[in-house]
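Just so we're on the same page: letters track the sequence lines, and every chain starts at 1.
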Amino acid sequence: MNEITILFFATMRDHTGERKISITVPENTQVSSLKAILAERYPQAVAALDATLVSINRDYAFDEDLIPAGAEVAMFPHVSGG
Amino acid sequence: MNEITILFFATMRDHTGERKISITVPENTQVSSLKAILAERYPQAVAALDATLVSINRDYAFDEDLIPAGAEVAMFPHVSGG
Amino acid sequence: MTEFPTIFSITEDELDLDALLAQITLPSTGAACFFTGMVRGTTRRDGLPPETEYLEYEAYIPMAEAKMKQIADEIRQRWPVVEGIAIVQRIGRLYPMTPTVLIACSAAHRDTGVFDAARYGIDRLKEIVPVWKKEVGSDGETWIEGGYIPQPGE
Amino acid sequence: MTEFPTIFSITEDELDLDALLAQITLPSTGAACFFTGMVRGTTRRDGLPPETEYLEYEAYIPMAEAKMKQIADEIRQRWPVVEGIAIVQRIGRLYPMTPTVLIACSAAHRDTGVFDAARYGIDRLKEIVPVWKKEVGSDGETWIEGGYIPQPGE
C-alpha cells in the first residue's frame, strides 16, 4: 500500500470540503481508480471528480497514469489565471 | 515679405551652427527656394540641406509647399527616436 | 554565453513593472514587450453579475511556478533571441483596475519576436498554470473556469 | 461614450510604468500591452563603436507631441476597441539599460489587437516623431539616423 497526499483547489475544495488529505491506496493505483475511491468517499463530488484535472508531483496526470508512493496528487478545475 | 522662424535640430544644427534664426523671405516662397536661400547662407551645409526633412508649423512639408507668413519652419535629419 | 534572466513568481504583493523591467534588462537589451492583465470592474457577459466587486485568486503555488518555468523554456525554444523573461501572477483579493498578471520578454531589438513571445506567454499561462479565480459581486460569487485541457507532457 | 485616456509626452524624467499603466486603466480595462525601448550598452554594428557610454536624445518637443497625438489617433482608427493609449519618449543623456520610450495600449481583453497596436505605435514613433539621438562611446560621437521619409499628410 502507498501513502499519498491529495490537495484540492478551487471548486474541488468546495465540492469535497477538504483542502488536503492523506490516504493509503494500493500499489499501482491508476488516476482513474483514485477518482473512483474518492467518489465513494465524497458522493456529493462525483460529477466534479469526473471532470477534474489531476496532477501528480506537480505535473499534469491522466486516467491511466500510475500513482507512485509518496505522491503529491492535486485535483482542480480548469485553470483560469491571468 | 514674410518674417519666418527656422529651427535646426541634430545634424542640421551641427551643419549650420545655428539653433534658431529669424529671416525674411518673399511671399509665396516654396520650401525648395528656402533651401536655396539657406544654401547660400550656409555653404558648408549644402549637402545636408539637400537631404533635410522640413516641417512647417509642426507638420511635415515638401519642396513645393509654400511657407506662410509667421511660419515656424524646422529642418532636421531622419528621425531616430525610440 | 550570457546567463539570461528568467523570473517567475506567484505573489500577494503589488506588481512593480519598473523593477521587473530592470531585472530583465541586460547591457545587450534594447526592447521589451509586457502584457499585463487587470481586474475588470464592468464586464458584459450573460448570466454573470455586471459589476465585479473583487476577484479572489488562488494558486497551487509550487506547481504554478514550475509551469511558469516551463512556459519560459517554451518561449526560449521558440524565440531563441529573447533575453529576459518575467512571468508573475498576483493572487489574493484583487479589486477592479488592479494589475493581476504580467508577462514580459526582452531582446536586443523589437523585431525579434518579443511581442509574439509575450502573447504566447499569457496564452499559455491561461492554459496550464494552476491558478483560479472567483468573481465576487453584488449577486454573489462565481468561479471563473477556463476551457483548456492540458495534454500529456504539458 | 466613455472618454478614453490618451497620454503623450516628451520628458526628461524617469519612466514610471506602473503610474502610466494606472493612467490607461478604466473600470472596463482587462489587458494592456507595453513596449519599452532601452539604451543598449553593447551592440554589434559595423563601423560603430561596440560599447555605448550613453545616448544623448533631443526632440522638437511641440511637433513631437503633435505627432504622438497623431499616432494615437491612427491607433484608435485601426483598433477602435483600444481604450487607453500612452506614448512617452524620454530625452536627455541616457545610459545603457535605461528605458527611453514607452508605448502602451489597453483594452477590455487581450485578443483585441493591443499587441499589434503597441507594435504599430513604436514603429510609427520611429518613423514620424521628431526625436534624434547621438551615441557617445569610447570612439567618439555618432548621430544615429533613421531611414524613413514622411509623406504628405503624415
Side-chain angles (χ1 to χ4, degrees), chain C residues 2 14-45 50-53 55 83-84 95-111 113-123 125-126, chain D residues 2 14-45 50-53 55 83-84 95-111 113-123 125-126:
Chain C
T2 318
E14 245 180 77
L15 300 188
D16 182 338
L17 276 63
D18 298 287
L20 286 160
L21 177 56
Q23 286 181 270
I24 60 165
T25 300
L26 298 172
S28 52
T29 303
C33 179
F34 279 69
F35 174 84
T36 62
M38 281 77 71
V39 177
R40 272 190 304 279
T42 54
T43 305
R44 281 190 205 83
R45 280 175 299 174
E51 298 287 336
T52 301
E53 194 190 324
L55 296 183
E83 298 187 344
Y95 290 86
M97 304 175 77
T98 306
T100 57
V101 68
L102 170 141
I103 313 277
C105 296
S106 67
H109 301 274
R110 74 187 186 287
D111 56 0
V114 285
F115 289 90
D116 294 336
R119 174 77 202 245
Y120 178 84
I122 183 63
D123 287 348
L125 182 138
K126 285 170 176 277
Chain D
T2 321
E14 245 180 77
L15 301 188
D16 183 338
L17 276 63
D18 298 287
L20 286 160
L21 177 56
Q23 285 181 271
I24 59 165
T25 301
L26 297 172
S28 53
T29 303
C33 178
F34 279 69
F35 175 84
T36 62
M38 281 77 70
V39 177
R40 272 190 305 279
T42 55
T43 304
R44 281 190 205 83
R45 279 175 300 174
E51 299 286 336
T52 300
E53 193 189 326
L55 296 183
E83 298 186 344
Y95 290 87
M97 304 175 77
T98 306
T100 57
V101 68
L102 170 141
I103 313 278
C105 296
S106 68
H109 301 274
R110 75 186 185 288
D111 56 0
V114 285
F115 289 90
D116 294 335
R119 173 78 202 243
Y120 178 85
I122 183 63
D123 287 347
L125 181 138
K126 285 169 176 277

key: C:Arg119 side chain reached by D:Asp111 side chain, heavy atoms, under 4.5 Å   = yes

task = Report yes if some heavy atom in the side chain of D:Leu17 is under 4.5 Å from a heavy atom in the side chain of C:Phe34; otherwise report no.
result = yes

inquiry  = For the interface with chain D, which of C:Cys33, C:Ala22, C:Ala118 has the highest count of heavy-atom pairs at distances below 4.5 Å?
reply    = C:Cys33

Options C:Asp116, C:Asp16, C:Leu15, ranked by heavy-atom pairs under 4.5 Å with chain D, top entry = C:Asp16

ask   = Does the gap between the ring centers of D:Phe115 and C:Phe35 come in under 6.0 Å?
value = yes

Among the listed options D:Leu21, D:Ile122, D:Thr25, D:Thr36, the residue most often paired with chain C at heavy-atom distances under 4.5 Å = D:Thr36

query = Looking only at heavy atoms, which of residues 95-102 of chain D get nearer than 4.5 Å to chain C?
reply = D:Met97, D:Pro99

query = Among C:Val114, C:Val39, C:Asp123, who wins on heavy-atom pairs under 4.5 Å with chain D?
reply = C:Asp123

Separation between CG of C:Leu26 and CE of D:Met38, rounded to the nearest 0.5 Å = 9.0 Å

Exam field: side chain C:Arg40 to backbone D:Ala108, donor-acceptor pair closer than 3.5 Å = yes

ask   = Between C:Ala31, C:Ser106, C:Ala32, which residue shows the highest count of heavy-atom pairs closer than 4.5 Å to chain D?
value = C:Ala32

query = Which value, rounded to the nearest 0.5 Å, describes the distance between C:Arg110 atom CZ and D:Ile103 atom CD1?
reply = 9.5 Å

query = Are C:Asp18 and D:Glu14 side-chain neighbours, meaning at least one heavy-atom pair lies under 4.5 Å?
reply = no

